[in-house]
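Remember, it's a predicted structure, so these values are computed and weren't measured experimentally. Both counts, for ligands and for their atoms, begin at 1 and track the order of listing.
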Amino acid sequence: MKQAPFIAVEGPIGAGKTTLASMLAEELSLPVIKEIVEENPFIDKFYQNMDDWSFQLEMFFLCNRYKQLKDTVTEYIDRGKPVISDYHIYKNLIFSDRTLQGNERGKYRQIYHVLTDDLPKPNIIIYIRAELDTLLKRIAKRGRSFEEGIDHSYLQQLIEDYDAAMASLAEQEPSTPIITIDGNAVDFVENKEQFEAISSRIKELM
Ligand SMILES: Nc1ncnc2c1ncn2[C@@H]1O[C@H](COP(=O)(O)OP(=O)(O)OP(=O)(O)O)[C@@H](O)[C@H]1O
Ligand SMILES: Nc1nc(=O)c2ncn([C@H]3C[C@H](O)[C@@H](CO)O3)c2[nH]1
């Protein structure tokens, strides 16, 4: 049987993933799975000292997302019910390749594959690309204290890592459509027509 639509919204920090996933969930009457941010015990420490805290933080994200993915599969995918998520589990590798070094990066990759290789993955991806200026404005607008001093070069590297990762996902899974949105030019929040254009493309794919 064909897998039920499992839509993931992706993009670098502050691109608008949660915003767009929530809007689409409402428009398409879909359940939405959102990343848990507030209860993360390592995120503050990580932004203060990335070298010391990256392994703990990446493992925390991985364990949480693994649990959420398993629950999503049991509750929705295995029952043929469509669902939308404000992230793709693959983002663990995007971030960990950037924040972890040497031995720890290798160990983390192995654990990632052991945990996730046999689980269903999103089969429709929406990728919001955005430039550094746009991301900085949105991060400031949201005003999370731990992101106040976010390193601009870290963000810029993540923008590039995301481009490379989406190209790599497209090669690994050619049957999974990736809808790329130019987050600098397309304003799905203020511009109703632009939002409707995105939601119609998703409807066609479902
Ligand atoms: N198209 C847009 N135009 C203007 N503001 C936007 C737009 N999209 C999102 N925002 C605002 O930018 C901020 C960040 O958006 P959001 O939290 O959805 O990003 P995110 O990609 O989910 O972030 P994170 O990577 O941290 O999970 C929010 O304040 C949101 O209201
Ligand atoms: N290092 C690291 N690894 C991840 O897997 C990851 N996922 C999200 N984030 C950061 C982005 C926002 O600041 C904040 C909320 O999304 O957490 C991450 N940081």
Query - atom 18 (O) of ligand 1 [closest protein heavy-atom partner, distance rounded to 0.1 Å] - result: Thr19 OG1, 2.5 Å
Report task. Would you check whether Gly14 reaches within less than 4.0 Å of ligand 1, judged by its heavy atoms? Result -> yes
Query raised in the report: For atom 23 (O) of ligand 1, what's the nearest protein heavy atom and its distance?
Result: Arg142 NH1, 2.8 Å
**Report entry** Protein contact to atom 13 (C) of ligand 1 [nearest heavy atom, distance to 0.1 Å]
**Finding:** Arg138 O, 3.5 Å
Query raised in the report: Considering only the protein, which heavy-atom contact is closest to atom 1 (N) of ligand 1, and what is its distance?
Result: Asp187 OD1, 3.2 Å
**Report entry** Protein heavy atom at shortest distance from atom 20 (P) of ligand 1
**Finding:** Lys17 N, 3.4 Å
Query - For ligand 2, the portion of Ile150 having any non-hydrogen atom under 4.0 Å away - result: neither
Query raised in the report: What atoms of ligand 2 come closer than 4.0 angstrom to any heavy atom of Ile43?
Result: 10 (C), 17 (O)
Report summary line: For Gly16, the ligand 1 atoms with a heavy-atom partner under 4.0 Å come out as 8 (N), 9 (C), 15 (O), 16 (P), 18 (O), 19 (O), 20 (P), 21 (O)
Query raised in the report: Any N or O of Arg144 that comes nearer than 3.5 Å to an N or O of ligand 1?
Result: yes
Requested in this report: Check the pair Phe55 / Leu100 against side chain to side chain contact (heavy atoms under 4.5 Å, CB included), numbers first and verdict last.
Outcome: CA-CA 7 Å; Phe55 191 73; Leu100 300 180; 4.1 Å; yes
Query raised in the report: Distance only, no hydrogens: is a donor on one side chain within 3.5 Å (strictly under) of an acceptor on the other, for Tyr76 and Asp71?
Result: no
Query raised in the report: Under 4.0 Å from ligand 2, counting heavy atoms only, is it the side chain of Arg65, its backbone, both or neither?
Result: side chain
Query raised in the report: Under 4.0 Å between a Lys/Arg side-chain N and an Asp/Glu carboxylate O for Arg144 and Glu147?
Result: yes
Report summary line: Numbered in order shown, the ligand 2 atoms found under 4.0 Å of a heavy atom of Phe46 are 1 (N)
Query - Nearest neighbour of atom 22 (O) of ligand 1 from the list Leu158, Val37, Thr18, Ile13, on a heavy-atom basis - result: Thr18
Query - salt bridge (Lys or Arg N to Asp or Glu O under 4.0 Å) contacts touching residues 111-134 (sequence neighbours left out) - result: Arg129-Asp163
Report task. Any chance you could lay out the salt bridge (charged side-chain N to carboxylate O under 4.0 Å, His left out) test for Asp161 and Arg98, step after step, and finish with the verdict? Result -> CA-CA 8 Å; Asp161 293 343; Arg98 176 55 53 200; 2.8 Å; yes
Query raised in the report: Side chains of Tyr87 and Gln68: do they bring a donor and an acceptor to under 3.5 Å?
Result: yes
**Report entry** atom 9 (N) of ligand 2: the protein heavy-atom neighbour that sits closest, reported with distance to 0.1 Å
**Finding:** Phe61 CZ, 3.5 Å
Report task. Please write down residue, atom name and distance for the protein heavy atom closest to atom 2 (C) of ligand 2. Result -> Phe95 CD2, 3.2 Å
Query raised in the report: Is there a side-chain contact between Glu148 and Ile139 (heavy atoms, below 4.5 Å)?
Result: no
Query raised in the report: What part of Leu57 sits under 4.0 Å from ligand 2 if we count only heavy atoms: the side chain, the backbone, both or neither?
Result: side chain
Query raised in the report: Cut-off 3.5 Å, side chains only: do Ser22 and Glu26 have a donor facing an acceptor?
Result: no
Query raised in the report: What part of Arg98 sits under 4.0 Å from ligand 2 if we count only heavy atoms: the side chain, the backbone, both or neither?
Result: neither
Requested in this report: Would you check if the side chain of Asn123 reaches a backbone N or O of Phe6 as a donor-acceptor pair within less than 3.5 Å?
Outcome: yes
Requested in this report: Specify side chain, backbone, both or neither for Tyr47, according to which of its non-hydrogen atoms lie closer than 4.0 Å to ligand 2.
Outcome: side chain
Report summary line: Of Glu147, Lys141, Glu190, the one whose closest heavy atom lies nearest atom 4 (C) of ligand 1 is Lys141
Query raised in the report: Quick one: are Thr99 and Glu58 in side-chain contact, heavy atoms under 4.5 Å?
Result: yes
Query raised in the report: For the residue pair Tyr127 and Tyr162, does the interplanar ring angle fall in the parallel (under 30°), tilted (30 to 60°) or perpendicular (over 60°) class?
Result: parallel
Report summary line: The atoms of ligand 2 lying under 4.0 Å from a heavy atom of Tyr154, numbered in the order shown, are 1 (N)
Requested in this report: Applying ring-ring contact (aromatic ring centres under 6.0 Å, His included), name anything that partners Phe60, two or more places apart in sequence or on another chain.
Outcome: Phe42
Query - Which segment of Phe60 sits under 4.0 Å of ligand 2 when only heavy atoms are counted - result: neither
Report summary line: For Ala15, the atoms of ligand 1 under 4.0 Å from one of its heavy atoms are 21 (O)
**Report entry** Heavy-atom nearest neighbour of atom 13 (O) of ligand 2 within options Glu147, Arg144, Met59
**Finding:** Glu147
Query - Identity and separation of the nearest protein heavy atom to atom 3 (N) of ligand 2 - result: Glu58 OE1, 2.7 Å
**Report entry** Cluster link Val32 to Met206, ILVMFWY, side chain under 4.5 Å
**Finding:** yes
Query raised in the report: Does some non-hydrogen atom of Asp86 fall short of 4.0 Å from ligand 1?
Result: no
Report task. Assess whether side chain to side chain contact (heavy atoms under 4.5 Å, CB included) is satisfied between Ile198 and Val186, documenting all intermediate values. Result -> CA-CA 10 Å; Ile198 299 171; Val186 174; 4.3 Å; yes
Report task. Please determine if Lys192 and Glu196 form a salt bridge, counting it only when a charged side-chain N lies under 4.0 Å from a carboxylate O. Result -> yes
Report task. May I ask you to check whether Lys91 has an N/O atom sitting below 3.5 Å from an N/O atom of ligand 2? Result -> no
